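For reference, the structure is listed below as structure tokens.
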Amino acid sequence: MKKEIPAQYDPSKVEDKWYSYWMENNYFHSEPDDREPFTIVIPPPNVTGVLHMGHMLNNTIQDVLTRKARMQGFNACWVPGTDHASIATEAKVVRKLREQGIKKSDLSRNEFLEHAWDWTHEHGGIILEQLKKLGASCDWNRTTFTMDEAYSESVIDTFIDLYNKGKIYRGARMINWDPAAKTALSDEEVIYKEVNSKLYHVRYKISDSDEYVTIATTRPETILGDTAICIHPDDKRYTHLHGKKAIVPLVSREVPIILDDYVDMEFGTGCLKVTPAHDVNDYEIGQQHNLETINMMNVDGTVSKEGELYTGMDRFEVRKHIEKDLDKAGNLVKTQDYQNKVGFSERTDVVIEPRLSLQWWVAMKELSQPALENVMNDNIRFHPEKFKNTYRHWMENVRDWCISRQLWWGHRIPAYYYGEGDDDFVVAKTLKEAVQAAREKSENSNLTENDLKQEEDVLDTWFSSWLWPISVFDGFYKKDEINYYYPTNDLVTAPEIMFFWVARMIIAGYEYRGELPFKNVYYTGIVRDKQGRKMSKSLGNSPDPLELISEYGADGVRMGMLFSTPAGNDLPFDPAICDQGKKFSNKIWNAFRFLALNMEEGVTYKPTTEIDSENLVDRWMMSRIHQTIKEIEKDFQNYKLNDALKKVYSLIWDDFCDWYIELAKPAKYGDKFDLAKMNIALGMFEQLMKLLHPFMPFISEEIWQHINERSKNQALCISNWPEYDAEKVNKEDVSLFNSIQGMISALRNIRSEMSVSPKDDIEVLIKSKNADRITENEWIIRKLQSIKSLFIAEDFEKPKACASALVGNDEIYVQMFGLIDVDKEIERIKKEISRVEGFLKGVNGKLNNANFVENAPEAVIENERNKKRDGEANLAKLQEQLSDFE
RNA sequence: GCGUCCUUAGCUCAGUUGGUUAGAGCGUUGCAUUGACAUUGCAGAGGCCACUAGUUCGAAUCUAGUAGGACGCACCA
């Protein structure tokens, strides 16, 4: 590495190299040992999914936490894996088969599953390979899939266990039906969206009368399933209809007019049509009034035989037709535009239909008690805390969980039917056990395996994911690993799946481990585009993560994302923010390049943290490093990773590059770099790379390896995290250096305003109470400014007609050999005077206020007095300076 | 409808228990630069802290209300 070190950092040449190196050395693998564990389980992405920006953000955060913990000496274990994602994957497979001209209905269950497994093997895990590009330091030996054999066994055993405990039951209820996937959904899988629809006013003839009643509906097709008209018992307008009957239009069915105070007299006409089979509320009314239930819709959303008309036609087609037909028949009074909320399937995005159906349920009330309590009392901490409210609200009103899905891809429910009755089934792990149980339950000892039919339904995906923190360690069957790694430390996930997943993992954790599954939950925000829209495939507004990585480097993308995402806040993502990360990488690279170019062939360098105690700059830089270590530890504890990164960024760019390296440069260009100085600079650099590593693992490893090529050899990713040492922080040094920085800044300012070139030598006078210490360090000023003469003293008579500045209580004067622009200087001083006057006005206002002086704490008053004293002193100095020019 | 949270510079956000004339990054403007880095350096401009009323000696910060926004829950056909 001599002069050929390029001035541009090229991540593509570096990142794959180090990732392979880490993998070859097995640095990410964890086995239980006597260290304290630090465990994170990945939110398993859909096995056939593709990496999107949400994953990028989420996994970057997990990697930062894992890498830092690993360096801190914890036995870090980040478990990766994928989810079989029952409905989403099945939908994809069905679509793909359809493209090949194969209908799902033409296949047997096993044939279909073969296709699904083929698809899984083909596409499964692509997403995990993509995570490696990002730098994710997962323990890949532990990669788990929710349909792995052992995992599946734990799902089935859990089902059986909960069934035996009476927590799982089978029952007929109104459920959310997805006509595209042809399956039931849980309440959480329904998304309500505001849509523009129509309100149809339809009149029903009263039997044996010429009168009509008018109802309003948004779903006129359900008229086919009407079995009553309902009015409020107290509604004076309809008293005369009590006990009468009405005729359902088109199908001409006579239905009763019933009374129920469920009806809102204010809404519409105050008349409600009742369709017990296709609406949650109507179902309840139907139950109370013993109404007939007409199931007028097939599983695919077409009208069934029972609908009598439009049989086989799709529900939305029917809506169009029935509008015309009602109009023709004289039953359509009017239609009006209407906005209402309609439920859509979370996965297939089709309008769900409420449907009466026999499904499997988990009774949630009791199970969720410990999960509620332990979040509310902060045993499990949510970051940000505001999500506790949302969580509590859901948990306090938790409803039973519909866990059966009419799909094939997933864990098949271990229930076996031996008869036609709703109760003629047993739950058992194997067919053999089922036979035994069925014989006992049916008291029919002649039953054989051939008489039993296994439940066709599979389990909701989340019924397997809720065991994730336990089952990835095979925790139901082997205790050594689970007892070591569980409870895990942090869970990083999106608030969207708080109910689907987080809440249920907590429930399962208390039910099966008797304790919390994780100590902290970090909720990330939603990644949005510049216009604030959620990034999604359908909108096509999501950049391809891999392209981003190839453009900016994984480090650049990681930094860009982390830089602008406080916990729980949405991330309005503009790829341009990754450019900042790329620039930062290049800045770091060039800082290293500068040192490297000054390192000599054949010399052995030994990076050290033993600084030159005589050198203020060394002491200051070391203080800054340790101040930062302390500060970012606090940020990490509060999960404010962006704040931590910003501090490291500023430490490297502002403190190290702009000041430390500038001051470490040899006196003259071309001079040799002092060996001891180089070793200290490299030692500082090492510390910085350690602090940077969790955020930007590749470039930090690259530089670390370059530095250590000349000395020891150990990977940065498993080196030790710098420990905060209060003795390394010298506040006096920091403050002295800060005031020297202020003086240099003031001189730059004067040059800038007076248009004096940085190369022109200037004559500088500094008046300071700290003159001794500044004099000791005057080389700093001389190094960063072109100085003709420098005079520093506690007091002196100020020279006439020169540019001046105040730095704290110190005064700086610059003699400018007539270069000085008098008008500009006067203007500058006047501006400064008016600023100080305004400042003093505020301070005096307070001090002259008797109420303030009587009520405010002494420290606050004292502070104001100091401000007044300093302000007045400064004002006097400024006025003196001004008087020189007038 | 109920609940929770939010509103600070052009953009994205900090701002501890109320106590400097409210900060940062990006962007923007000006100047500079053969020397690690134009992927750079230096400097400047830019704010009625959404609005209104209170509490207080003192409010970006506390209280109430108004407006706008986000999320969660429940929904009237």
Side-chain angles (χ1 to χ4, degrees), chain A residues 5 7-9 187 192 199-200 215-219 222 230 262-264 266-275 279-282 338 340-341 384-394 396-397 495-496 498-499 526 530 532 563-566 568-574 576-577 579-580 582-598 640 642-643 646 649-650 657-658 661-662 665 669-670 744-745 748-753 755 757-759 835-836 838-843 845-846 849-857 859-861 863-864 866-867 870-871:
Chain A
I5 301 174
Q8 277 192 31
Y9 175 67
D187 293 336
Y192 288 89
L199 196 56
Y200 301 82
I215 57 88
T217 179
T218 51
R219 296 192 297 157
T222 61
C230 187
Y262 165 79
V263 177
D264 180 355
E266 307 294 316
F267 188 89
T269 58
C271 273
L272 177 69
K273 72 190 235 355
V274 184
T275 322
D279 184 278
V280 180
N281 297 306
D282 290 12
Y338 188 68
N340 65 336
K341 280 189 180 171
E385 225 171 337
K386 65 178 177 184
F387 287 114
K388 274 168 76 175
N389 292 320
T390 312
Y391 180 84
R392 181 176 64 197
H393 192 257
W394 190 78
E396 281 176 349
N397 299 290
E496 299 160 296
M498 190 191 301
F499 309 134
I526 295 166
K530 270 197 269 189
F563 225 57
S564 46
T565 176
N569 279 20
D570 286 356
L571 168 63
F573 185 79
D574 179 348
I577 59 173
D579 204 37
Q580 209 181 335
K582 190 180 174 185
K583 286 178 183 173
F584 185 43
S585 299
N586 203 56
K587 181 72 180 176
I588 297 167
W589 177 249
N590 273 289
F592 168 70
R593 179 169 178 260
F594 170 72
L595 296 180
L597 290 173
N598 280 285
K640 294 192 164 186
N642 60 330
D643 286 349
K646 279 174 186 168
Y649 175 84
S650 170
C657 293
D658 287 353
I661 292 189
E662 285 306 319
K665 282 180 178 174
Y669 180 67
I744 290 166
S745 188
R748 284 170 177 163
N749 193 339
I750 287 170
R751 283 179 191 269
S752 175
E753 291 203 11
S755 303
S757 158
K759 281 190 275 189
R835 195 189 66 82
V836 175
F839 173 73
L840 277 172
K841 198 176 160 196
V843 174
K846 277 186 190 169
N849 181 342
N851 282 326
F852 172 74
V853 181
E854 277 163 31
N855 292 310
V860 173
I861 297 171
N863 189 33
E864 292 300 315
N866 288 340
K867 274 154 61 180
D870 290 352

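Worth saying up front: this structure is predicted, and the values here are computed from it rather than measured. A, B, ... follow the sequence lines: proteins, then strands. Residue 1 opens every chain.
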(message) Using the C1' atom as the point on both nucleotides, what is the distance between B:G10 and B:G46, in whole Å?
(response) 9 Å
Can you check whether A:Lys583 reaches A:Asn586 side chain to side chain, under 4.5 Å on heavy atoms?
no
A:Phe852 CZ to B:G18 C1', in whole Å, measures 13 Å
A:Asn642 atom CG is separated from B:C13 atom P, nearest whole Å, by 10 Å
From CZ of A:Arg748 across to C1' of B:G44 the rounded distance in Å is 15 Å
A:Ser745 side chain near B:C42 phosphate (N/O to OP1/OP2, under 4.0 Å):
no
Picking from B:G19, B:A74, B:C37, the nucleotide nearest the side-chain atoms of A:Asn590 would be B:C37
Which of B:G19, B:A32, B:A36 is nearest the side chain of A:Ala591? It is B:A36
Rounded to whole Å, CZ of A:Phe592 lies from C1' of B:A36 at a distance of 11 Å
Among B:U20, B:A74, B:A36, the one nearest any side-chain atom of A:Phe839 is B:U20
**Item:** Nearest-Å distance once atom P is located in both B:U66 and B:C2
**Value:** 12 Å
Atom CG of A:Asp279 and atom C1' of B:A74 are separated, to the nearest Å, by 14 Å
In whole angstroms, the gap separating C1' of B:G72 from CH2 of A:Trp394 amounts to 12 Å
For this session: Check whether any side-chain heavy atom of A:Arg751 sits under 4.5 Å from a side-chain heavy atom of A:Ser757, and report yes or no.
Result: no
Looking only at B:C37, B:A36, B:A43, the nucleotide nearest the A:Asn586 side chain is B:C37
Taking B:C37, B:C57, B:G72 as options, the one with an atom nearest any side-chain atom of A:Phe499 is B:G72
Of B:C37, B:G41, B:C76, the nucleotide closest to the side chain of A:Tyr262 is B:C76
- Task: In whole angstrom, give me the gap between the C1' atoms of B:U4 and B:U56.
- Result: 29 Å
With rounding to the closest Å, how many angstrom separate the C1' atoms on B:G18 and B:A60? 10 Å
>> Measuring only the P atom in each nucleotide, how far is B:C51 from B:C71? A whole number of Å is fine.
In response: 25 Å
### Under 4.0 angstrom between A:Asn389 side-chain N/O and B:U4 OP1 or OP2
no
Taking B:C37, B:U20, B:G15 as options, the one with an atom nearest any side-chain atom of A:Lys640 is B:G15
inquiry  = With rounding to the closest Å, how many angstrom separate the C1' atoms on B:G47 and B:C11?
reply    = 14 Å
Q.
Does any part of the side chain of A:Ile577, heavy atoms only, come nearer than 4.5 Å to the side chain of A:Phe563, both counted from C-beta?
A. no
From CG of A:Leu571 across to C1' of B:G25 the rounded distance in Å is 15 Å
Original post:
When rounded to the nearest Å, what value does the distance between P atoms of B:C6 and B:G15 take?
Top reply: 12 Å
- Message: What's the gap between B:U20 and B:A59 when it is taken at their P atoms, as a whole Å value?
- Response: 12 Å
(Q) Side chains of A:Lys388 and A:Thr390 only: does a donor on one sit below 3.5 Å from an acceptor on the other? (A) no
- Kindly indicate whether the side chain of A:Phe584, heavy atoms from C-beta on, has any atom under 4.5 Å from the side chain of A:Ile588. yes
request  = Tell me whether the OP1 or OP2 atom of B:C76 has a side-chain N or O from A:Tyr338 closer than 4.0 Å.
outcome  = no
Of the candidates B:C73, B:A77, B:U12, the side chain of A:Asp264 sits closest to B:A77
Taken to the nearest whole Å, CG/A:Leu597 to C1'/B:C37 is 11 Å
Taking only N and O in the side chain of A:Lys386, is any of them less than 4.0 Å away from OP1 or OP2 of B:C71?
-> no
Assign each of A:Tyr192 and A:Tyr649 the nucleotide of RNA chain B bearing its closest heavy atom; nearer the 5' end lies the nucleotide of A:Tyr649
Answer whether the closest heavy-atom distance between the side chains of A:Phe267 and A:Leu272 falls below 4.5 Å. no
Establish, with yes or no, whether the OP1 or OP2 oxygen of B:G44 is under 4.0 angstrom from a side-chain nitrogen or oxygen of A:Asn749. yes
Among B:C75, B:G19, B:G72, the one nearest any side-chain atom of A:His393 is B:G72
RNA chain B nearest-nucleotide lookup for A:Lys273 and A:Tyr9: closer to the 5′ end is A:Tyr9
Query raised in the report: Quick one: is A:Lys583 getting a side-chain N or O under 4.0 Å of the B:G27 phosphate, OP1 or OP2?
Result: yes
- Quick one: is A:Lys587 getting a side-chain N or O under 4.0 Å of the B:G41 phosphate, OP1 or OP2? yes
Going by the angle between their ring planes, with limits at 30° and 60°, are A:Trp394 and A:Phe499 parallel, tilted or perpendicular? parallel
